Amino acid sequence: MSSSLKVTLPDGTILDLPPGATTLDVASKIGAGLARAAVAGKVTRDGHSEIMDLSRPLPGDCCIKILTKSDDDPDALYVLRHSTAHVMAEAVCKLFPETQLVYGPPLEDGFYYDIDLPRSITPEDFAAIEAEMARIVKEDRKFTRLEMNRADGMAKLAAEQNRYKVDNAERAEGDTLSFYVTGDRCGQDFEDLCRGPHIPSTGVIGAFKVRQVSGSHYRGDVNDQRLQRVYGTAFFKKASLAAHLEQLEQAKARDHRVIGQELGLFTIDPLVGSGLILWKPKGATIRLLLEEHLRGKLREQGYQPVFSPHVGRLELYRTSGHFPYYRDSQFPPLYETETARLLNELWIALYEADKAGAADPLAGGVAKLLDELRIADPPKHAELVADPAKPDARRLASGPGHAAQNLQLVREHLQQSDGFLLKPMNCPHHVRIYASEPRSYKDLPIRLAEFGTVYRYEQSGELSGLTRVRGFTQDDAHLFCTPEQLPHELDACLSLTRYVLDMLGLGQYRVRIGLHDPKDPKFIHNPEGWRRAEEAIRVAAAASGMAATEEVGEAAFYGPKIDFVVKDCIGRQWQLGTVQVDYNLPERFNLTYVGPDNRPHRPVMIHRAPFGSMERFVGILIEHFAGAFPLWLSPVQMAVVTVSEKSDAYAREVHEKLRVAGFRAELDLSSEKIGPKKHRHRQAKVNYILVVGESEAAKGEVNVNDRDGKTLGNRPLEAFIEECRRESEERKA
RNA sequence: GCCACCGUAGCUCAGUUGGCAGAGCAGCGGUUUUGUAAACCGCAGGUCGUCGGUUCGAAUCCGACCGGUGGCUCCA
């Protein structure tokens, strides 16, 4: 062990310090000002970085970056907010002594603390919590780290009788447990089991706010204890908090639900149903322009159009696996007859009894359904249920080992009378289009495209404007190809998805590789299929050069996927485009093509949707542009505004010429002054406002104004049309 | 679905301890003939989300439901 510690600073300087030196010692050695501003140290050793308390001894030779009171440094804010979470927790415990603390991490823009408290915390409590926090901050108490060996620590926690902390500690790594005391009077001041790091003292917290409270569940498990999650945020400087809150306010003005209402793009009507979008003409125009543009691209890339209906037989979805597995998020099935309903319920009950490994598949729920069937349809009941005197292979069998046979039997009876499902996905329909004729390897790849509307019964609490709905249209396509063609096709799908995002200037997306979780039964069991599909996905993502994160459990139930994820105006993340590889549905539907060897082969499927859902995409786009769409997408591109009635005739002429030239123009002959008229069209985000008065009429000109309030001056109408034509064709975002 | 909050005119909002339902903007009709962010006069617009309860009397208090917002959970 060396007698001194070598500490490398970000600029490359190496400092020698005595063993046991702390980050604060490093800061002090550099300068007293830095020591005052320091809040923690980011210590890097062996390529591994860790943020440490100012007062903790450095672990050995290392690189160090001193984190200071800077609202521009995410690391510094992370530490600050973690500490502020402790302060808030103390305040809540003081006000509500029966509070049990659970977990309080920092977030990207603040922090939360999960608490177990019988009484509901409401926004009215925030002022009292903040006042208590302000007191703690004013006392400028030191954060003191306390380490204990695991046994002592566990004993201490057991004495506190807080199951959550005991749980947390049990899951913590290492032989020691650490606690942080907010103050230096251990045993008296507030303390919490915590890994750290923390700011040196509460006085460092310059500004904070308790923002909201919501429900949560312990460890994210709906069956576990319900908790309250109190959210807050903190900054070093008051001005930063004010700026942050101001920014949140401004973000709200971009909200597509607000803009959609103001600009008359869409509406959601309770009488029609929650989560069902009514596209008004202006919103429909935007969507249609996007669809038309993509259709052109698809033609270029060899896609073929198809159309399929909004419903399909339940048998279709039993084959695909959609039914009954995801029936909680499907609209209820439409049954042809009461017998069909009961047989379907029976099939589901048998299916679930089998999954659950029930000893007797005909017991419990199944028996009850059979009783119902006996009353509703005695002949069908007789056909299904065995006479104990005469065993028969064509009857339902009790006892273990008959699950597959029973399921098959009910399914056969369902051929006579079944039910329908509002389609949750387009793929089963497209698969049947593929299967409708013999396919040769020479025909592959076959790319079937449809703007297909699907219906999913999302939980009521999930619905949100255009971004989470119950009926939406996917710019869907299914590609059927040979395994050899897969990499090339995947690559083309990824490029297309990136093309649409880049075209609209949506550059801030995250790429997520969704993989299946072998432990989760919701994924189709086909290890080899998953292996090949996930391999293909990884290779394609890597080849595209995009930085992607792999997330286990995020796959579709039939295959892994690459998702393009964007954030909305309040920071929520939404999946837009998606590209998925599927070895499973071709198997379930027994799809084939004839290969060069004159033998049948199994095709591979790609599911892909560059926009994802038209609803969600347009919602995100509204927020991206704050309603001010580029010329080519704008529902109202220009408004012709008269100075007075004297120019009405000329205004009509201008309006008509714009219309003939293919533009979407509005004519405003109202008898107001041009100030308020112009103001109104600017509010409506009309790209160009053309003021026409007597002088314009005399010269055949228009006076061009943009929606930002700038007057661009006069020019001949023809010249303006030409300018707009160019701008529109450029599709500048 | 769960927790919290919210629901008054098309929009934004006011409405006192329970006592006749209000404003601005938008709309419509006039007047004005207007030169770049708001001319004037008038009219109309309401089952105060719905249903039930308490009360002499409910937008207001209570309950249930519907719808919305934020979060949780979910998201094939």
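Here the structure is a predicted model, which means the values were calculated and not measured. Here is the naming used below: chain letters follow the sequence lines, and residue numbers restart at 1 for every chain.
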Point to revise | Rounded distance in Å between the C1' positions of B:rU8 and B:rC2 | key: 29 Å
Check your understanding: For A:Tyr650, does the OH atom have more than 12 heavy-atom neighbours from other residues, nucleotides or ligands under 6.0 Å away?
Key -> yes
Check your understanding: Closer than 4.0 Å, any side-chain N/O of A:Lys522 to the OP1 or OP2 of B:rC75?
Key -> yes
Check your understanding: Taking the six-membered ring for Trp, is the centroid-to-centroid distance between A:Tyr164 and A:Tyr218 below 6.0 Å?
Key -> yes
Review point. Which base sits across from B:rC5 as a Watson-Crick or G-U pair, both distances under 3.5 Å?
Key: B:rG68
Review point. Which part of the nucleic acid does A:Ser274 contact within heavy-atom distance under 4.0 Å: base, sugar-phosphate only, or nothing?
Key: sugar-phosphate
Review point. Taking the nucleotide of RNA chain B with the closest heavy atom to each, which residue, A:Ala555 or A:Ile268, is nearer the 5' end?
Key: A:Ile268
Exercise for review: Hey, could you give me the CD1/CH2 distance between A:Ile620 and A:Trp574, rounded to the nearest 0.5 Å?
Suggested key: 7.5 Å
Check your understanding: Counting side-chain heavy atoms from CB outward, which of B:rG71, B:rA39, B:rG35 is closest to A:Val691?
Key -> B:rG35
**Study point:** Aromatic contact, A:Tyr317 with A:Phe323 (centres under 6.0 Å)
**Key:** no
Practice item. Between B:rU12 and B:rC74, how far apart are the C1' atoms? Round to whole Å, please. Key: 35 Å
Check your understanding: What heavy-atom pair brings A:Gln228 and A:Leu117 nearest, and what distance separates the two atoms?
Key -> NE2-O, 3.0 Å
Check your understanding: Under 3.5 Å, is there an N or O donor on one side and an acceptor on the other linking the side chain of A:Glu462 and the base of B:rC72?
Key -> yes
Check your understanding: Can you tell me the Watson-Crick or wobble partner of B:rC74, both distances under 3.5 angstrom?
Key -> none
**Study point:** A:Lys646 side-chain N/O to B:rU34 phosphate OP1/OP2 under 4.0 Å
**Key:** yes
Practice item. Kindly say whether, by distance alone, the side chain of A:Arg682 makes a donor-acceptor pair under 3.5 Å with the base of B:rA37? Key: yes
**Study point:** Nearest listed nucleotide, side chain of A:Arg229, among B:rC72, B:rG1, B:rG35
**Key:** B:rC72
Study note, to complete from the structure: By the Watson-Crick or G-U definition, both distances under 3.5 Å, B:rA26 is matched with none
Practice item. Write down the distance separating the C1' atoms in B:rA9 and B:rA64, rounded off to the nearest Å. Key: 27 Å
Review point. Given the P atoms of B:rC25 and B:rA76, what is the spacing between them in whole Å?
Key: 49 Å
Would you list the protein and nucleotides 4-7 of chain B atom pairs, both N or O, that sit under 3.5 Å from each other?
residue : atom : partner  : partner atom : Å
B:rA4   : OP1  : A:Ser120 : OG           : 3.4

Practice item. Return the nearest nucleotide to the side chain of A:Gln261; candidates are B:rC11, B:rA37, B:rA76. Key: B:rC11
Check your understanding: Which is true for A:Arg572 with a 4.0 Å heavy-atom rule: it touches a base, it touches only sugar-phosphate, or it touches nothing?
Key -> sugar-phosphate
Review point. Can you check whether A:Phe111 and A:His82 have ring centres sitting under 6.0 Å from each other?
Key: no
Practice item. Describe, in one word, how the ring planes of A:Phe480 and A:Tyr434 are oriented to each other, choosing from parallel (under 30°), tilted (30 to 60°) and perpendicular (over 60°). Key: parallel
Point to revise | Sugar-phosphate only, base, or nothing, as touched by A:Gly220 at under 4.0 Å among non-hydrogen atoms | key: sugar-phosphate
Practice item. Examine B:rA76: is either OP1 or OP2 under 4.0 Å from a nitrogen or oxygen in the side chain of A:Arg456? Give yes or no. Key: no
Point to revise | Residue A:Arg468, side-chain atoms from C-beta onward, closest of B:rG35, B:rU33, B:rC74 | key: B:rC74
**Study point:** Charged tip of A:Arg313 within 45° of A:Phe420 ring normal and under 6.0 Å
**Key:** no
**Study point:** cation_pi(A:Arg318, A:Trp347) dist<6.0 Å, angle<=45
**Key:** yes
Practice item. Could you work out the separation of B:rG15 and B:rG22 based on their P atoms and round it to a whole Å? Key: 15 Å
Practice item. Please determine, for B:rC20, whether a Watson-Crick or G-U wobble partner exists with both distances under 3.5 Å, and give it or none. Key: none
Check your understanding: For A:Gln474, which contact category applies under a 4.0 Å heavy-atom criterion: base, sugar-phosphate, or nothing?
Key -> nothing
Check your understanding: Given the P atoms of B:rG46 and B:rA21, what is the spacing between them in whole Å?
Key -> 14 Å
Exercise for review: Using heavy atoms to find the nearest nucleotide of RNA chain B for A:Leu463 and A:Arg680 separately, return the residue whose nucleotide is more 5′.
Suggested key: A:Arg680
Point to revise | Pairs meeting criterion ring-ring contact (aromatic ring centres under 6.0 Å, His included) with involvement of residues 553-573 of chain A, two or more places apart | key: A:His322-A:Phe557, A:Tyr326-A:Phe557, A:Tyr509-A:Phe564, A:Tyr558-A:His607
**Study point:** Donor/acceptor link under 3.5 angstrom from A:Asp221 side chain onto base of B:rU73
**Key:** no
Point to revise | Closest nucleotide among B:rG70, B:rA37, B:rU36 to the A:Gln683 side chain | key: B:rA37
Check your understanding: Looking at A:Tyr457, is A:Arg470 sitting on its ring face, NZ or CZ under 6.0 Å from the six-membered ring centre and within 45 degrees of the normal?
Key -> yes
Exercise for review: Looking at every strand, decide which applies to A:Ser329 at a 4.0 Å heavy-atom threshold: base, sugar-phosphate, or nothing.
Suggested key: base
Review point. Say you pick atom C1' in B:rA37 and the same atom in B:rC20; how far apart are they, in whole Å?
Key: 39 Å
Exercise for review: Mind checking A:Gln212 for me? I need base, sugar-phosphate or nothing, with any heavy atom below 4.0 Å counting as a touch.
Suggested key: sugar-phosphate
Study note, to complete from the structure: Quick note, A:Pro676 side chain, CB onward, closest among B:rA39, B:rC2, B:rU33 is B:rA39
Point to revise | C1' gap between B:rA44 and B:rG35, integer Å | key: 33 Å
Review point. With both distances under 3.5 Å as the test, what is the Watson-Crick or G-U wobble partner of B:rU34?
Key: none
Check your understanding: Under the 3.5 Å rule, do the base of B:rU34 and the side chain of A:Lys673 count as making a donor-acceptor pair?
Key -> no
Check your understanding: Counting any heavy atom closer than 4.0 Å, what does A:Ser320 reach on the DNA or RNA strands: base, sugar-phosphate only, or nothing?
Key -> nothing
Check your understanding: Contact class for A:Leu227 (heavy atom, under 4.0 Å): base, sugar-phosphate, or nothing?
Key -> nothing
Review point. With a non-hydrogen cut-off below 4.0 angstrom, is A:Val222 in contact with a base, only sugar-phosphate, or nothing?
Key: sugar-phosphate
**Study point:** Touch class at under 4.0 angstrom, heavy-atom based, for A:Asp328 against every strand present
**Key:** nothing
Review point. Just wondering, do A:Tyr326 and B:rA76 stack (centres under 5.5 Å, planes under 30°)?
Key: yes
Review point. What is the nucleic acid contact for A:Tyr558, judged by heavy atoms within less than 4.0 Å: base, sugar-phosphate only, or nothing?
Key: sugar-phosphate
Study note, to complete from the structure: As its Watson-Crick or G-U partner within any shown strand, both distances under 3.5 Å, B:rG52 has B:rC62
Study note, to complete from the structure: Applying the 3.5 Å cut-off to both distances, the Watson-Crick or G-U partner of B:rG57 turns out to be none
